Structures are given as C-alpha cells and as structure tokens.
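Quick notes on the structure that follows.
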There are 2 protein chains.
Amino acid sequence: MIQSVDRAIRILGVLQGARRLSLSDLATRLDLPPSTAHGILKTLQAHGMVVQDRDSNRYQLGPAVLKLGNVYLDTLELRSRAVTWSEELGRRSGHAVRTGVLTFDEVVIIHHEPRPDGSRQMPEVGIVIPAHASALGKALLAFLPEQADELLAGDKLRSMTSETVIDPVVLRKQLDEVARDALATEKEEAVLGEAGVAAPIFDASGTAVGAIGIVLPAVDWAPSDATFAAVREAARNISRELGASRWPIQPR
Amino acid sequence: MIQSVDRAIRILGVLQGARRLSLSDLATRLDLPPSTAHGILKTLQAHGMVVQDRDSNRYQLGPAVLKLGNVYLDTLELRSRAVTWSEELGRRSGHAVRTGVLTFDEVVIIHHEPRPDGSRQMPEVGIVIPAHASALGKALLAFLPEQADELLAGDKLRSMTSETVIDPVVLRKQLDEVARDALATEKEEAVLGEAGVAAPIFDASGTAVGAIGIVLPAVDWAPSDATFAAVREAARNISRELGASRWPIQPR
DNA sequence: GAGTTACGTTCGACTATGTCGAACGGCTTT
DNA sequence: AAAGCCGTTCGACATAGTCGAACGTAACTC
C-alpha cells in the first residue's frame, strides 16, 4: 500500500462525505499536517479531481471524477445487458428497476430504470446502499460467501432504519434462504416506505457479478408470484447473455 | 506535484481510454517498471478504484469511481438548478438539453434532459466533449478569458469532424462573437449530423460556471429566434438562482 | 483603523518511503 | 517437457514525500 496514494484516495473519500471542506478541516480529519494534505490536494487539483472554491478556498470534488464514473459504466458489459432487460422488467412489474454491483460492504447502482408511469424521478445511478440493508446486496452476498463472511465478521453492520437487520446470525440465516431461492427481499430496511426484490446475476465464470431488482412502495407489499418470477427471469436472462451456463449458480 | 499520486491518476486516465489493460501494458504506456505500477494499482484496488479481472488478471476501473462521480453531482448547486430549467427548455424547444461545466479543454455534461418526444435515449451525464468543438464549450470559453487563452495558445485543438474549427485565429473570432451575443452555436463540429446552441451560466461571483444548451439534428438548422431566446432565458434564470446580479456578465 | 487570529501556502532539511531491478512461481505456448 | 510470458514478491538504495516552521493575506475584534 503506497502511503501517498492511499492518502489521496482518503481525501477523496472524506470530500465525498462532506461536500466542501477547508484545508485545515481536511487535515484534521485525516490526522495529517496541513502542508502534507496541501501537496496531495494540489496534485489532485491539477488533474481536475478536486476543485477549490474561488472565494472560500474550500475544496470539493471536481468534474474529472464524473468523467471517470461514466467511463466505468461504459466498460461494464453487465450494464449494457441490464439496460434491455430492465425495460422489460419495468414494464412487466410496473415498478422502478435497479441494477447494482458490490463494492466491499456497499451496493453501487449502475443502472436505474424509472417507474413506467411517466412520473419524474431522480436518476439513481451511482448511489450506494449498505449491502446488508438492500435486496440487491443480499442477492449478491448470498452467492459470494467470502465477501459475506467478511462483512458478517466485521463490525460494519450499520442500522439505517428500525427494520435494518444488524444481527450477523439473523442475516446469515436470511442469506441462506436467499441462496436457496435465488431471490432476495427487503422491506424498509434501508429507507422507510420502500421495499425491494432482487435476484443475482452471474457471468461466464459463474461468479455473482451483480444483481437486478425492483423497488416498490412498502404499502404495495406483498408482490405477486408473477412479479417474483419476473425478477428471477430478468436475472437469468442477463446471466445467460453474459455467458453463464446455468442459473442460479451455487458457489463452491 | 506528488509523484506517486500523479502516477496513480495517470493510471486511472489510461484505464479510461483503454477499458481493460494488463499490468505490463499499463506499465509500458506510462513508462514505468511493472513493479512500480503494481504497487500503485494494488493501492487503487484496495479502495475499489480499480478491479482486476479474475481470469485475465487485467485491470479496469472499479465501482468506487462511479460513487465519487455521483457525489460530485450532488455537491453541485448548478446541477439542481439546471434540472428544473432543463425541463422547461426541453418543452419549449422540443430538443434534448445538456448542461455542462469546463475542465481544462473539455466540457463534462452534468445534466441531460432527453428529447421530450418520449423516444429512448442514452443518458449522457458524464460524457466529455472537446470545448472548442461544442456550443457549451464556446459559451464557457467566451466568458473565461484565461482558460480560453491557454487553450488557444496550446496545441490542443484536435479535429473531430471536417467542420471542427482548429484554427486559433478563427476560434478567437468566434469566441468574441459569442461573448457579444451571449449565445454560442455549433454545427457538426463535434459529431456529424448534430448541432448545438448554448448560453453561459454565471454564479454569484460573476464567474461563468457552466453552460446550458440544446442539441438538435443538423438538418433542423437553423432554429427559430424563439428557440435562441429560450436558451438564453434558461441560462439567465439559472444564473439568477445562483445569485448572479445580472446576465450576461462580461469578464474583467 | 490597528492588533490579532486563523488560514492557505511556501520552503528546506531529514529520513521515511516509494522506486526499481532481480528473482520467484504459475500459466500458457511451442 | 521446455521455454516464454506475466503478475507478483522482496530488499537495497536513494529519491521523493513528509513535516515543522515561517510567510503573507484576509477576516475578525476591540
């Protein structure tokens, strides 16, 4: 681990949590001498990764990170496949559709298909949700035992709402059920009033590389069997296009 | 400039151009010993900025960059304002609407309002266009003299199509006209068959912080006076909401 | 309006840290 | 079965990053 690079990414991480920060704030939060933080910041600035506010001198993320994010999406074969089938799933279920991938303990949304009712909805690409509190995350963790073990062992299970499951034993049991059915559900565990249903997506190597699912108002619970089937079918279809030999693919 | 951080960002930059690269490829392109590149890569990997393909060992951008990009968008006041007025501009003009900011010699799209005809269109948030070949870029450069000087002085004016203006003298003249009218146009200079009209957005300090404009098929040229007026009004309205005292604001 | 504080930035010495060449081991190719 | 390629690990060296101190500027106070 290279120290200065690690520190640079840490700076970006802190800037991610607090939109705008002064140099001294940043240095304090990272336990660094201001001059050290300054050197790193200037390097990031030279590449457009951070920008400095003219008046206040505070730093914030820069446009270059957005460019990077967009290129990442373009490189993902998973995403291009998800677009097609999300549309279908949205039509069949009548709900918004999300596709996500796992990073450590979080799910990052890589595609968002708004509800087909034509209402205005915020695009959700790029948002992150704690894996243990989302249907997408559970669908992934159930088929990624190493990552699940790591998450359950660590003390990372933060509570989002009163419904969030943070007991490792209970969560483990849920994951076992998810692995059995290849279908994960979540009701108000991340956001009050919101529920989700998701299924895992596999690639040619048989690894769970993502998950697709629907988001629905908690009051509309429970979905019909046809809806559950539609989610599973979308996941299966995308997996097939990615070269997966069958679906689902149990790990080990 | 801190060497290792600079190299890390360079790696991300190269990964941006070539989707997937092996360690040796990467090292060759950056003129680095493989072991040096490896150390940096592993640090980036530990933070999810890059991921390594299981089978091929090749590296590509990771989900963390997408998360960063999304947070950047959230911090931008310009973006939240643009959303509202883009909708209006889209309705009035009947065309797709883009809002962008300038980074060095490129425009990064921070909001994209699809054409209101209901057809399926790719989201364009995060894509970059050479500033000198886009209406958005010209609208910005015309009100950012220092950045314009830098671009015109440097040898960065790449040609995109047969229509791209790469002569600094011609471009300077265009920018002067844009500054006068507070309205920039572009016809097939970036993409054949596509034209654009854009106007600059100012913040409370009077700096041009972005531009908003429409994208239309080149065959639909020329737009009506009402369309030109609509673009200018959108830019003026957003500027006002950002605290700009008047519109346009001539530099110096 | 002078004094004071806080902040971003610059500078230079020290040494901790990243760099690089060489060697290892797994995989594919011939 | 041997040779080549590639990603990775290791350790010595010296470069390059780090940190404390000093500077200049802007805001705040009395």
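Order of the sequence lines fixes the chain letters, A, B, ..., with proteins taken first and strands second; residue numbering starts at 1 for each chain. Keep in mind the model is a prediction, meaning the values are calculated, not measured.
- Around CZ of B:Arg158, the count of heavy atoms belonging to other residues, nucleotides or ligands within 6.0 Å does not exceed 12.
- Residue pairs satisfying the salt bridge (charged side-chain N to carboxylate O under 4.0 Å, His left out) criterion with at least one member in residues 35-52 of chain B, sequence neighbours excluded, are absent.
- The two residues B:Val178 and B:Ala139 have their closest heavy-atom pair at CG1-CA, 4.0 Å.
- The pair A:Glu77-A:Arg81 meets the salt-bridge criterion, with a side-chain N (NZ, NE, NH1 or NH2) lying under 4.0 Å from an Asp/Glu carboxylate O.
- Here B:Ser80 pairs with nothing under the side chain to side chain donor-acceptor pair (under 3.5 Å) rule; sequence neighbours left out.
- Atom CD of B:Glu124 sits about 14.0 Å away from atom CD1 of B:Ile110, to the nearest 0.5 Å.
- Here the P atom of nucleotide D:dT15 and the CG atom of B:Asp6 are 19 Å apart, to the nearest Å.
- Using modelled atom types, one finds no donor on one side chain facing an acceptor on the other under 3.5 Å when comparing B:Glu233 with B:Trp85.
- Look at CG on B:Leu32: it is 12 Å from P on D:dA16, rounded to the nearest Å.
- With respect to the salt-bridge test (charged N to carboxylate O, under 4.0 angstrom), the residues B:Arg10 and B:Asp31 do not qualify.
- Residue pairs satisfying the side-chain hydrogen bond (donor to acceptor under 3.5 Å, both in side chains) criterion with at least one member in residues 15-26 of chain A, sequence neighbours excluded, are listed as follows: A:Gln16-B:Lys67, A:Arg20-A:Gln60, A:Ser22-A:Ser24.
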Identify the pairs formed between an N or O of the protein and an N or O of nucleotides 17-19 of chain C at a distance under 3.5 Å, and give each distance.
unit_1	atom_1	unit_2	atom_2	d
C:dT17	OP1	A:Gln3	NE2	3.3
C:dG18	OP1	A:Gln3	N	2.3
C:dG18	OP1	A:Ser4	N	3.2
C:dT19	OP1	B:Arg7	NH1	3.4
C:dT19	O5'	B:Arg7	NH1	3.3

Check the interface with nucleotides 24-30 of chain C: list each N/O to N/O pair with the protein under 3.5 Å, or write none.
none

Check nucleotides 7-11 of chain C for protein N or O atoms closer than 3.5 Å to its own N or O atoms and list the pairs.
unit_1	atom_1	unit_2	atom_2	d
C:dG8	OP1	A:Leu23	N	2.8
C:dG8	OP2	A:Ser24	N	2.9
C:dG8	OP2	A:Ser24	OG	3.0
C:dT9	OP1	A:Lys42	NZ	3.4
C:dT9	OP1	A:Gln52	OE1	3.3
C:dT9	OP1	A:Gln52	NE2	3.2
C:dT9	OP2	A:His38	NE2	3.2
C:dT9	OP2	A:Tyr59	OH	2.5
C:dT9	O5'	A:His38	NE2	3.1

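- Between B:Asp203 and A:Arg54 there is no salt bridge, since no side-chain nitrogen of the basic residue lies less than 4.0 Å from a carboxylate oxygen of the acidic one.
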